[in-house]
Number of protein chains: 2
Amino acid sequence: MPRKRLTREESREQTRLRLLDAAAVVIAKKGLPATSVEDIAEHAGYTRGAFYSNFKSKSDLFIELLKNDHQSIQLDLQQLLDADLSDEDLQRQLTQFYSQCYRDHTSYVLWAEARLHAVRDAKFRQRLNVLCLEKRDVIAYFITEFCKRMKRPLPAPAPDLALAMMALIDGTLYFNITMPNEMTDASVESALGTIFAATFFGSRG
Amino acid sequence: MPRKRLTREESREQTRLRLLDAAAVVIAKKGLPATSVEDIAEHAGYTRGAFYSNFKSKSDLFIELLKNDHQSIQLDLQQLLDADLSDEDLQRQLTQFYSQCYRDHTSYVLWAEARLHAVRDAKFRQRLNVLCLEKRDVIAYFITEFCKRMKRPLPAPAPDLALAMMALIDGTLYFNITMPNEMTDASVESALGTIFAATFFGSRG
DNA sequence: GCATTCAGATACAAATATGTATTAGAGTTC
DNA sequence: GAACTCTAATACATATTTGTATCTGAATGC
């Protein structure tokens, strides 16, 4: 198998990506603080030299990792909300979206790590909040439009509701991950569905 | 100032408690994995010798810490729910309870650490789930009774709703902690109040 | 008050982390 | 293809952490 000869830039980019991928796996597995730079480099098939030549620090790499994940989530979500679906389809799609988006738990754990890290590191917190608020805004806009379409008043300020929904979904998925027998997939759907419907329809739909 | 002469048992118990208190502070500040046994001992005014003579491991101490916190929360909550308050008072008290219970952030952070640790450590997860489910049961029972009193059907299985509410509250408080300007105390009250009311009253109360 | 016992300090050995400084080797330029 | 340049490996010096093994001094019991 003839291995393609890479240009310097290509090669560097490949290294970067491999380091990022490796970091996601290792950090999800061991946790951000317990993950050494060497762990990441080694798992990617390099040495620490490669790491320090591509990133300033572990924190630096981590925020980039989150940004990438965030962007792909935002894209998926935006796409879903923009598609002109019937209410029924939309609800089904949204439910599916949220039960899939953390399917392998990696992404969930990374964001949980991030939240915890943010509590302690003000600079990191600011950068993370930017991402969270972007997500909030997409959801808030959707909530607003949805209520408009349903000809119902907003039951509370949309941005507040959006953050609350993010909280609700994330926390519920946590229970789904750590006690799948107590919070089954069906329970997630039922609980979230009930609360969504009650909040935005005013009664069970 | 005549310092009381302590018996061996008293002295040992004091050491234990001091280590636990110190651990809460340091772990909340630096995070569980980043906190060394030495950090804890030193902050309590001892050396590692004292630590290892009182606890098997950091994980061991940590679960004890959580148990203590859990017990005091359970007690407060139980007391609140058992008191025969008017619906209005109860709602006010509950709101206050939840905005106070993480007042200094320490407790919140410890539970966040615990959740993350639980994702990775199966043994720890089991022990933590016991605590979570105890809390869930108290809340589920309350939800059931409340709906009965209101003569309303349960909108979904009470245990599922209880976990969802725990998720909602915790996550919302997280935003309140990390972006207090975006999720103000007033926002917390408004968002939680709206969702509670919608879910359990079927309309805004 | 002397011998005993136990809480906690001290000493030690092994492992792991970090960041930088230097080096080797492959890509680039002409 | 020779000089150059950058990526990533290697070497190094320093700092932490861990658990255990041993020691000391203060409570206990006779």
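Chain letters run A, B, ... following the sequence lines, proteins first and then strands; every chain starts at 1. Just so it is clear, the values below take in all heavy atoms, side chains as well, and ignore hydrogens, waters and symmetry mates.
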Item to check | Partner set under side chain to side chain donor-acceptor pair (under 3.5 Å) for A/His70, not counting sequence neighbours | outcome: A/Glu134
Checklist outcome for this item: By side chain to side chain donor-acceptor pair (under 3.5 Å), B/Lys67 pairs with (sequence neighbours left out) none
Item to check | ring pair (Phe, Tyr, Trp, His ring centres under 6.0 Å) against B/Phe51, all qualifying residues, sequence neighbours excluded | outcome: B/Phe55
Next on the checklist: Among residues at least two apart in sequence or on other chains, which ones pass ring pair (Phe, Tyr, Trp, His ring centres under 6.0 Å) with B/Tyr174?
Outcome noted: none
Please tabulate, for side-chain N and O atoms in residues 111-119 of chain A, each donor-acceptor pair with protein atoms closer than 3.5 Å (sequence neighbours left out).
unit_1   : atom_1 : unit_2   : atom_2 : d
A/Trp111 : NE1    : A/Asp69  : OD2    : 2.7
A/Glu113 : OE1    : A/Leu32  : N      : 3.3
A/Glu113 : OE2    : B/Arg120 : NH1    : 3.0
A/Glu113 : OE2    : B/Arg120 : NH2    : 2.6
A/Arg115 : NH1    : A/Asp170 : OD2    : 2.9

[atom1] of [X] versus [atom2] of [N]: gap in Å, rounded?
{"X": "A/Glu9", "N": "D/dA8", "atom1": "CD", "atom2": "P", "result": "12 Å"}
{"X": "B/Lys30", "N": "D/dT16", "atom1": "NZ", "atom2": "P", "result": "10 Å"}
{"X": "A/Phe55", "N": "D/dA8", "atom1": "CZ", "atom2": "P", "result": "10 Å"}
{"X": "B/Lys58", "N": "D/dT16", "atom1": "NZ", "atom2": "C1'", "result": "12 Å"}
{"X": "A/Leu17", "N": "D/dA8", "atom1": "CG", "atom2": "P", "result": "12 Å"}
{"X": "A/Glu10", "N": "D/dA8", "atom1": "CD", "atom2": "P", "result": "13 Å"}

Checklist entry - Which of residues 32-43 of chain B sit near DNA chain D, with a heavy atom under 4.0 Å from it? => result B/Ser36, B/Val37
Checklist entry - In chain order, what residues pass the side-chain contact (heavy atoms from CB on, under 4.5 Å) check against A/Ala162, with sequence neighbours excluded? => result A/Arg136, A/Ile139, A/Ala140, A/Ile143
Item to check | Beyond-backbone contact of A/Thr35 with A/Phe62, side-chain heavy atoms, under 4.5 angstrom | outcome: no
Checklist outcome for this item: A correct 5'-to-3' footprint of nucleotides 2-12 of chain C, with B, S and - meaning base, sugar-phosphate only and no protein heavy atom under 4.0 Å, is ---BBSSBB-B
Donor-acceptor pairs under 3.5 Å, side chain of residues 16-28 of chain A to any protein atom, not counting sequence neighbours: which ones?
unit_1  : atom_1 : unit_2  : atom_2 : d
A/Arg16 : NH1    : A/Asn54 : O      : 2.9
A/Arg16 : NH2    : A/Glu64 : OE1    : 2.6
A/Arg16 : NH2    : A/Glu64 : OE2    : 3.1
A/Arg18 : NH1    : A/Tyr46 : OH     : 3.0

